[in-house]
Amino acid sequence: MSEHEHRSVVAIVPAAGSGQRFGSAGNKLFADLAGAPIWLRTIRRLREAPSMSSIVMPVAQSDQSYFSGFTQQLSELDVHLVNGGAERWQSVQSGLDWAINRRAEFVAVHDAARPLVTVEEIEATIDEARVADAAILSVPITGTVRRRTSQGSTLVDRRELFSAATPQVFSTALLHEAYLNHRGRLATDDGELVQRLGKQVATVVGQPTNLKITHPGDLVLAEAILASELNS
Ligand code: CTP
Ligand code: MG
């Protein structure tokens, strides 16, 4: 194994959802964002990150024919398609199996629905995972947060609160162990699965611009953010 392979980072890009909340007829990831489909913009961002080696993208069986129209682009970008599952974690697991086969040292799980992540955010999360084994990009909560109690409510110190985004980067061996331990129990994300092993998960501070396209209105915001990037 070459030194490069030993330090390699494979991106796992789950794209096998159906986009229920987005409400379009097909997968929301096919929607146009300033001239390119959402998933392709996401892949291009990951490709720009110098630490990234291969990319594996779990897709739904029903979307195979759509993606077969992009065969050449996918191979130029070194993107490998695998079968996703009914739940996001099943899609991630299928990408993880591919990465394990490839002997990747690290995996970076990144939602195909987050096309605005920056190269700096990707690299910072990878750098932290190389130190801590597990690192997730997170965004500080900006609002005032209160916790309901039996008497009323108390203010929560928001300096302690972050919302988890992606990429979430792990040593491949650690995420593998987390999935072996998972056995289908409910978890909100891969960070939670890793935490169940008693491992600390580091957070890297990201920007609120790394939105996950969920509702149609998010596309409007995403276009504005892209336009502002071009002007800066
Ligand atoms: N995803 C996946 N496999 C699934 C479900 C989701 O690979 N079974 C992917 C989505 O394609 C998306 C990412 O996980 O890139 C984050 O999921 P989300 O934003 O919730 O997308 P959807 O599940 O498609 O949308 P919704 O929950 O509104 O149906
Ligand atoms: Mg979903």
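Everything quoted here is computed from the prediction, not taken from an experiment. In each ligand, atom 1 is the first atom listed, and ligand 1 is the first ligand listed.
In this structure, Glu160 does not pair ionically with Arg147, as no charged nitrogen and carboxylate oxygen lie closer than 4.0 Å. Taking the charged nitrogens against the carboxylate oxygens, Arg196 and Glu192 do have a contact shorter than 4.0 Å, which makes a salt bridge. Between Arg88 and Asp190, at least one side-chain nitrogen of the basic residue sits less than 4.0 Å from a carboxylate oxygen of the acidic one, meeting the salt-bridge criterion.
No side-chain donor-acceptor contact under 3.5 Å links Gln200 and Asp133.
Ordered by chain and residue number, the residues placing a heavy atom less than 4.0 Å from ligand 1 are Pro14, Ala15, Ala16, Gly17, Ser18, Gly19, Gln20, Arg21, Lys28, Leu29, Gly85, Ala86, Glu87, Arg88, Ser91, Asp111, Ala112, Ala113, Lys212.
Shown are Asp218, Thr42, Leu40, Ile38; of these, the side chain to side chain contact (heavy atoms under 4.5 Å, CB included) with Leu33 is made only by Ile38.
Here the closest non-hydrogen pair linking Leu219 and Ala31 is CD1-CB, 4.1 Å.
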